[in-house]
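The structure appears right after this line, and notes come after that.
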Amino acid sequence: KQRRRQEVVQYDASMEASVALDNSIERALRSALLTGSEFYLEYQPIVNARFPNGIAKFEALARWDSPELGRVTPDDFIRVAEMTGLILPLGKLLLDIACKDLRAHPAPRVSINVSAVQLMSPRFAEEFVAKIISSDLDPRRIEIEITETVAISDNKSVAATLHELRSRGISIALDDFGTGFSSVGYLASMPFDTLKIDRSFVSGKVASNRTIKMVRSMITLANSLDMQVVAEGIEREGEAEMLRHFGCDMFQGFHYGRPGLLSAFFDTRQMELDL
Ligand code: C2E
Ligand code: CA
Ligand code: CA
Ligand code: CA
């Protein structure tokens, strides 16, 4: 009983600590957004399952080095940015950075994470496309990754936004499939080009028989709906082998490359050597 009570107390204390952390992240975010100079993007390669030596596309991942807080993980600052609405200016800033990076390097295609709050904001598609066009980039080089949430799964204006982006040449990926509020019905109602299977199904522990069957069914389902399937979080060759056999189209994970500056993939031959 005593131990129980202690756990409860610890839980409360850590809740308070995390609220305090969120508050300091919010404060630092607000001031960092005034200049924008503390943010940058790292890019993680996504390879073709059958030709894993080349890079099919990259995923852009937000990074923030705060002089005050140090390196803050995107899981933390994106969550705070979403709660406070700061994701709107931050999202615009990250798109600016992506466009600059893409102009500077001949990256094939880049996938950009977009949160539900952004998708639901008015004129998102219009402004997103305008930024890409004014940067002289071909929209077909751009994909957006979105996660399912209750908020967007039943939202007509989000569907319209996605169709608008798609009609302009941008492709749409459903991120973290298999987690959260996933419903298979969502796949039918939204125009996804790509399905990304969450790494919780892919890496780490030895997968159970049921997990393996689920992943296989997800891949079959996506393929039958003409979507490309990307498996995330590949850390070992063995994981890739099984997924390739199931018909998975692309792989992403530390086994193929960690996120890094886009310049690092082009200014040196390190990439080819690593692969
Ligand atoms: P995500 O979109 O699922 O991104 C993949 C995350 O998995 C990245 O973490 C990446 O570094 C990590 N990862 C990739 N391969 C492996 C692997 O083989 N093993 C393991 N253990 N991890 C792997 P990261 O960069 O910390 O990003 C975390 C999350 O933050 C992202 O998850 C995404 O939800 C969010 N995020 C990152 N950048 C942005 C952004 O620009 N906008 C928005 N809205 N969200 C972002
Ligand atoms: Ca993603
Ligand atoms: Ca993901
Ligand atoms: Ca994730």
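Count residues from 1 along the sequence. Whatever order the structure lists ligands and atoms in, that order sets their numbers, starting from 1.
A parallel orientation is assigned to the rings of F266 and H105, their planes being inclined by less than 30° (bins at 30° and 60°).
Contacts between D176 and ligand 1 below 4.0 angstrom, taking non-hydrogen atoms only, involve the side chain exclusively. With a 4.0 Å cut-off on non-hydrogen atoms, R199 touches ligand 1 through its side chain and not its backbone. Under 4.0 angstrom from ligand 1, the non-hydrogen atoms of E232 all belong to its side chain. Here Q44 has side-chain heavy atoms under 4.0 Å from ligand 1, and that is the only part of it that gets that close. Contacts between N113 and ligand 1, counted as non-hydrogen atom pairs separated by less than 4.0 Å, involve both the backbone and the side chain. At a 4.0 Å heavy-atom cut-off, ligand 1 touches R63 through the side chain alone. The part of E59 lying near ligand 1 is the side chain, judged by heavy-atom distances below 4.0 Å.
Considering every non-hydrogen atom in both D76 and V72, the closest pair reads CB-CG1, 4.1 Å.
Near P259, meaning under 4.0 Å from one of its heavy atoms, ligand 1 places the atoms 11 (O). Near L94, with a cut-off below 4.0 Å to any heavy atom, the atoms of ligand 1 are 41 (O). Near S115, meaning under 4.0 Å from one of its heavy atoms, ligand 1 places the atoms 44 (N).
For the Ca ion (ligand 3), the nearest N, O or S atom contributed by E232 is named OE2. Looking at E59 and the Ca ion (ligand 2) together, the shortest N, O or S contact belongs to OE2. For E145, the N, O or S atom with the smallest separation from the Ca ion (ligand 2) is OE1.
Side-chain contact annotation: E145 with S111, donor-acceptor N/O pair under 3.5 Å present. In the model, R109 has a side-chain atom that pairs as donor or acceptor with a side-chain atom of S171 under 3.5 Å. The closest side-chain donor-acceptor pair between Y40 and D101, if any, does not fall under 3.5 angstrom.
For ligand 1, the polar-atom distance check finds an N/O of A62 within less than 3.5 Å of one of the ligand's N/O atoms. Between D175 and ligand 1, an N or O atom pair is found at a separation short of 3.5 Å. Note: an N/O pair closer than 3.5 Å links F254 and ligand 1 by distance alone.
Ion pair K131/E127 not flagged as a salt bridge, since none of the NZ, NE, NH1 or NH2 atoms sits closer than 4.0 Å to an Asp/Glu carboxylate oxygen. Checked for salt-bridge contact, E59 and K196 meet the test: a charged N lies under 4.0 Å from a carboxylate O. A salt bridge does not link R50 to D249: none of the charged nitrogens lies less than 4.0 Å from a carboxylate oxygen. With salt bridges taken as basic N to acidic carboxylate O contacts below 4.0 Å, none links R199 and D176.
Using a cut-off of 3.0 Å, one finds that N113 contributes an N/O/S atom close to the Ca ion (ligand 2). Here D176 does not reach the Ca ion (ligand 2): none of its N/O/S atoms is less than 3.0 Å from the metal. Among the backbone and side-chain atoms of D175, an N, O or S atom lies under 3.0 Å from the Ca ion (ligand 2).
Within 6.0 Å of CZ on R168 lie no more than 12 heavy atoms contributed by other residues, nucleotides or ligands. Within 6.0 Å of the CZ atom in R71, the count of heavy atoms belonging to other residues, nucleotides or ligands exceeds 12.
N155 contributes a side-chain N or O that, together with a main-chain N or O of V158, makes up a donor-acceptor pair within less than 3.5 Å.
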